[in-house]
Amino acid sequence: MQWTLVIPLKPLARAKSRLADTATDGVRPGLALAFAQDTVAAALACQAVKDVAVVTDDTLAGRELSALGARIVPDTPGGGLNAALRHGAAVVRASRPESAVAALNADLPALRPLELSRVLDAAAEFPRAFLADAAAIGTTLLAATPGNELAPVFGPDSRARHTASGATELTLAGVESVRQDVDTGADLRTALALGVGPRTAAVAARLLIPDQ
């Protein structure tokens with residue numbers, strides 16, 4: 001099964017506010033863009049991925065991610081993360097109703113194509129499935145096979161919310177790069193230890209990242 005990934009990205013100027021302890025206001029937008037670029041590049045290199053749709057209204061991000069091969073879908077609902085994901089999935093299925101779709105976080109700079117492929121292959125066995133984040137509280141990927149709605153409920157405690165919605169939690173080992181999203185300085189240090197993509201590495205090299 002090949003998948004279309006729907007990746008939401010808020011305007012870069014408002015992205016990654018929790019990284020204030022690590023990156024200044026002037027650096028955070030570039031860091032958020034680098035995360036998204038490395039995430040999209042790794043996703044497009046995954047054999048299980050047919051294509052990537054990025055839901056964003058950010059002009060710079062749209063231009064840069066389109067150059068990597070992503071389809072840009074304007075965030076016309078403007079209603080937050082879950083509304084953006086529902087819209088992105090609907091746009092994809094308007095032209096390809098039988099698409100397998102998966103929501104993927106835009107802040108997975110250490111993403112490995114082979115690990116992503118393992119997660120998507122496992123998700124293909126269920127109507128809806130999700131992968132919890134490294135903190136085991138949130139969600140980094142939510143998948144829906146053909147004929148099933150994505151029905152995202154991202155937000156606080158989304159692991160519990162996706163479980164309650166009927167999605168199956170994927171309990172795979174060895175897919176740390178798909179779990180490691182970046183919200184805080186500690187998350188960034190963990191991602192750097194895993195090995196991030198070239199764009200994130202270039203921006204992070206300009207930061208002073210203290211040890212824990």
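As the structure is a prediction and not an experimental result, all values here were calculated from the model. Computation of the quantities below employed the complete heavy-atom set of this structure, encompassing side-chain atoms and omitting hydrogens, waters and symmetry-equivalent molecules.
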Could you tell me whether a side-chain N or O of [X] sits under 3.5 Å from a main-chain N or O of [Y], the two making a donor and an acceptor?
X    : Y    : answer
R118 : A173 : yes
T145 : F126 : yes
T56  : L9   : yes
S117 : P113 : no
R199 : D38  : no
T140 : V178 : yes

Side chains of [X] and [Y]: does their closest heavy-atom pair fall under 4.5 Å?
X    : Y   : result
E64  : L33 : yes
P198 : Q37 : no
I7   : V55 : no

Should we count [atom1] of [X] as having more than 12 external heavy atoms under 6.0 Å?
X    : atom1 : answer
E169 : CD    : yes
L114 : CG    : no
E149 : CD    : no

Taking atom [atom1] of [X] and atom [atom2] of [Y], what is their separation to the nearest 0.5 Å?
X    : Y    : atom1 : atom2 : answer
R112 : Q180 : CZ    : CD    : 11.5 Å
L194 : L111 : CG    : CG    : 11.0 Å
N105 : L5   : CG    : CG    : 11.5 Å
H162 : L131 : NE2   : CG    : 11.5 Å
L141 : D133 : CG    : CG    : 12.0 Å
L65  : L60  : CG    : CG    : 8.5 Å

Do [X] and [Y] sit in one hydrophobic cluster, given that two such residues count as connected whenever their side-chain heavy atoms are within less than 4.5 Å of each other, even indirectly?
X    : Y    : answer
V49  : V40  : yes
F35  : L116 : no
L172 : W3   : yes
V101 : V119 : no
V196 : V182 : yes

Step-by-step side chain to side chain contact (heavy atoms under 4.5 Å, CB included) determination, L150 to L142
CA-CA 7 Å; L150 189 61; L142 172 69; 3.9 Å; yes
Can you name the nearest heavy-atom pair linking [X] to [Y], along with the distance?
X    : Y    : answer
L12  : A61  : CD1-CB, 4.1 Å
A53  : V73  : CB-CG2, 4.1 Å
A84  : D75  : CB-OD1, 3.8 Å
P74  : H87  : O-NE2, 3.2 Å
R93  : P146 : NH2-CA, 4.0 Å
G185 : L19  : N-CD2, 3.5 Å

Pairs meeting criterion salt bridge (Lys or Arg N to Asp or Glu O under 4.0 Å) with involvement of residues 40-62, two or more places apart:
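Output for this query lists D51-R96.
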Worked check of side chain to side chain contact (heavy atoms under 4.5 Å, CB included) between V91 and R71
CA-CA 11 Å; V91 168; R71 174 184 181 181; 3.2 Å; yes
In a check of side-chain contact (heavy atoms from CB on, under 4.5 Å) between T39 and each of V54, L104, D107, which one passes?
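Single side-chain contact (heavy atoms from CB on, under 4.5 Å) partner of T39 among V54, L104, D107: L104.
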We want to know whether [X] and [Y] form a side-chain donor-acceptor pair, criterion being a heavy-atom distance below 3.5 angstrom.
X    : Y    : value
T190 : D187 : no
S177 : E115 : yes
R128 : S165 : yes

Step by step, work out the side chain to side chain contact (heavy atoms under 4.5 Å, CB included) result for L188 and L31.
CA-CA 10 Å; L188 180 55; L31 197 56; 4.2 Å; yes
